[in-house]
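Beneath this line is the structure, given in structure tokens, with notes to follow.
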Amino acid sequence: MHYTAMGNVSVVSEFILLGLSADAQVQAALCVIFLVIYGLTLAGNSVILLAVMADAHLRSPMYFFLGHLSFVDLSYSSVSVPKMLENLISKKKTIPVKGCLAQAFFVFAIGGTEALLLAVMAYDRYAAICRPLLYRQIMGSWFCEGLVWGSWGLAILNSLINTLLAANLDFCDYGTIHNYNCEIPSLFPLSCSDVSTNATVLLWSFVVHASGTFLLVLASYGCIFSTILSMRSTAGRSKAFSTCSSHLTIVILYFGSAGLRYTMPTSGSPMEIIFSLQYSVITPMLNPLIYSLKNKEVTTAIRKMLGKCWRHFE
């Protein structure tokens with residue numbers, strides 16, 4: 001580990017990422033497992049993204065948002081998993097401080113974008129089920145694009161504020177992160193500076209961001225369930241619920257694990273790693289699987305696209 005002298009304080013220039021295990025055999029097994037997970041994530045989300053772009057039947061706002069969600073999941077997984085795989089096969093499990101800050105920025109920004117997109121998708125399902133006659137007017141193309149770019153903009157701004165504050169910290173003594181990647185909460189125990197401002201800003205930005213998105217999801221699904229239960233037709237209720245069941249599953253997986261990770265104190269406990277893995281590695285892999293299994297239109301579009309590819313190579 002490298003140090004730079006600053007007065008009477010030695011400031012580290014890189015951190016050690018302890019990762020998931022110190023056992024060489026376990027690391028080898030985990031490397032294979034997460035390599036497979038990463039491959040499935042890239043393949044699944046790429047297929048969903050290409051199907052949405054190629055199939056004329058998937059031109060509704062719901063699939064427009066699904067395509068962006070797949071792109072976000074591709075990005076999210078790619079920010080964390082390659083470095084994790086490198087550390088699992090490398091003896092030197094280090095990351096430069098600047099590289100760690102960059103990774104923390106992208107993890108927070110892309111994670112925030114995913115939360116906002118999930119809230120936007122909940123609002124889209126509300127408009128489709130509760131306001132079907134006005135759906136096309138409410139969810140116009142410009143409005144949908146504005147929601148997507150607004151999600152990216154707000155999440156990047158939120159992440160930028162927290163990352164710039166973290167960049168002003170001095171990191172000293174030992175720089176060991178008890179996780180497989182860099183996240184902003186993991187940096188606070190490594191600093192010899194006062195982190196009270198950073199912790200307060202992070203807490204409030206998370207509370208505002210998370211509560212805003214979660215309340216929008218909660219309000220949307222409250223109206224959706226009320227509308228579904230008021231339907232007289234059993235077939236109508238079943239169809240209405242099937243259109244939002246995939247999204248609801250992903251919301252529970254993502255918001256549950258991310259909320260627990262960012263509200264619990266940073267202590268290097270195994271639960272922190274499990275929650276981080278859930279929302280940054282496992283959920284991006286599960287998203288395309290959940291949508292393709294529960295949505296007939298997506299499944300049909302994927303089969304058509306793969307069929308065309310197969311005939312092209314024959």
Side-chain angles (χ1 to χ4, degrees), residues 38 41-42 44-46 48-49 52-53 61-83 101-125 139 142-164 166 181-185 201-202 204-218 220 246-263 275-288 290-291:
Y38 186 50
T41 302
L42 294 181
N45 285 288
S46 297
I48 293 283
L49 186 57
V52 170
M53 294 171 62
M62 179 175 72
Y63 299 115
F64 173 74
F65 295 133
L66 177 58
H68 281 278
L69 183 66
S70 294
F71 175 75
V72 168
D73 283 333
L74 282 170
S75 306
Y76 207 1
S77 188
S78 297
V79 167
S80 299
V81 178
K83 184 61 180 177
L101 288 167
Q103 187 183 56
F105 166 78
F106 285 112
V107 167
F108 202 60
I110 298 172
T113 303
E114 175 140 357
L116 286 164
L117 272 179
L118 290 173
V120 165
M121 293 173 77
Y123 178 76
D124 172 68
R125 292 299 82 209
M139 304 302 294
W142 285 102
F143 182 62
C144 291
E145 290 180 12
L147 289 173
V148 169
W149 292 116
S151 298
W152 277 104
L154 287 173
I156 289 173
L157 178 62
N158 192 21
S159 181
L160 187 62
I161 292 170
N162 283 279
T163 307
L164 289 175
N181 69 351
C182 293
E183 292 183 288
I184 291 175
V201 172
L202 178 64
W204 279 106
S205 63
F206 176 77
V207 167
V208 171
H209 191 101
S211 62
T213 52
F214 185 70
L215 285 174
L216 180 56
V217 170
L218 200 62
S220 298
S246 303
H247 178 260
L248 185 58
T249 303
I250 292 167
V251 164
I252 293 170
L253 288 173
Y254 184 79
F255 277 90
S257 55
L260 290 169
R261 169 65 182 94
Y262 275 86
T263 52
F275 291 141
S276 294
L277 284 171
Q278 174 60 55
Y279 66 77
S280 65
V281 179
I282 305 301
T283 299
M285 179 194 68
L286 292 177
N287 283 357
I290 291 170
Y291 269 100

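Everything numeric here is computed off the predicted structure, so don't read it as measured data.
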Exercise for the section: Write down the atom of A109, the atom of A155, and the distance for their closest heavy-atom approach. Expected result: O-CB, 3.3 Å

Completion exercise
Closest non-hydrogen atoms of N158 and S205, given as atom of the first, atom of the second and distance, are OD1-CB, 2.9 Å

Exercise for the section: Report yes if some heavy atom in the side chain of T163 is under 4.5 Å from a heavy atom in the side chain of F108; otherwise report no. Expected result: no

Problem - Verdict with supporting geometry, V281 and Y76, side-chain contact (heavy atoms from CB on, under 4.5 Å) - result: CA-CA 8 Å; V281 179; Y76 207 1; over 6 Å; no

Exercise for the section: Determine the minimum heavy-atom distance between D73 and N287, stating which atoms define it. Expected result: OD2-ND2, 2.5 Å

If you look only at distance, which donor and acceptor atoms sit under 3.5 Å apart when one is on a side chain in residues 142-154 and the other is two or more places apart or in another chain?
unit_1: S151; atom_1: OG; unit_2: L147; atom_2: O; d: 2.7

Fill in the blank from the handout: L248 meets the side chain to side chain contact (heavy atoms under 4.5 Å, CB included) criterion, sequence neighbours left out, with Y221, F225, I252

Handout entry: Residues that V201 engages under side chain to side chain contact (heavy atoms under 4.5 Å, CB included), provided they are two or more places apart
Key = I161, N162, L165, T197

Problem - Heavy-atom donor-acceptor pair, N45 side chain to P284 backbone, under 3.5 Å - result: yes

Fill in the blank from the handout: Applying ring-ring contact (aromatic ring centres under 6.0 Å, His included) to F64 and not counting sequence neighbours gives H68

Exercise for the section: Tell me, please, which residues at least two apart from N181 pass side-chain hydrogen bond (donor to acceptor under 3.5 Å, both in side chains). Expected result: S80

Exercise for the section: Can you sort out the partners of L42 under side chain to side chain contact (heavy atoms under 4.5 Å, CB included), two or more places apart, ordered by chain and number? Expected result: Y38, L74, S78

Exercise for the section: Nearest 0.5 Å please: distance from the CG atom of L164 over to the OG atom of S159. Expected result: 9.0 Å

Problem - Any residue meeting ring-ring contact (aromatic ring centres under 6.0 Å, His included) with F105, in chain and number order, not counting sequence neighbours - result: none

Fill in the blank from the handout: Residues passing the side-chain hydrogen bond (donor to acceptor under 3.5 Å, both in side chains) test with Q278, sequence neighbours excluded, are T283

Practice task
Name all residues meeting the side-chain hydrogen bond (donor to acceptor under 3.5 Å, both in side chains) criterion together with T113; count only those two or more places apart in sequence or in a different chain, and write none if there are none.
Solution key: none

Problem - Approximate separation, where rounding is to 0.5 Å, of S280 OG and Y254 OH - result: 9.0 Å

Exercise for the section: Compare every heavy atom of K83 with every heavy atom of Q103, then report the nearest pair and how far apart it is. Expected result: NE2-CB, 3.9 Å

Handout entry: Shortest non-hydrogen contact from P288 toward I48
Key = CB-CG1, 3.6 Å

Practice task
Report yes if the side chains of T213 and L118 come closer than 4.5 Å at any heavy-atom pair, otherwise no.
Solution key: no

Practice task
List in chain and number order the residues that pass side chain to side chain contact (heavy atoms under 4.5 Å, CB included) with Y63, two or more places apart in sequence or in another chain; answer none if no residue qualifies.
Solution key: V52, L58, S60, L66, N295, E297, V298

Handout entry: Considering all heavy atoms, the nearest H209-G112 contact
Key = NE2-O, 3.1 Å

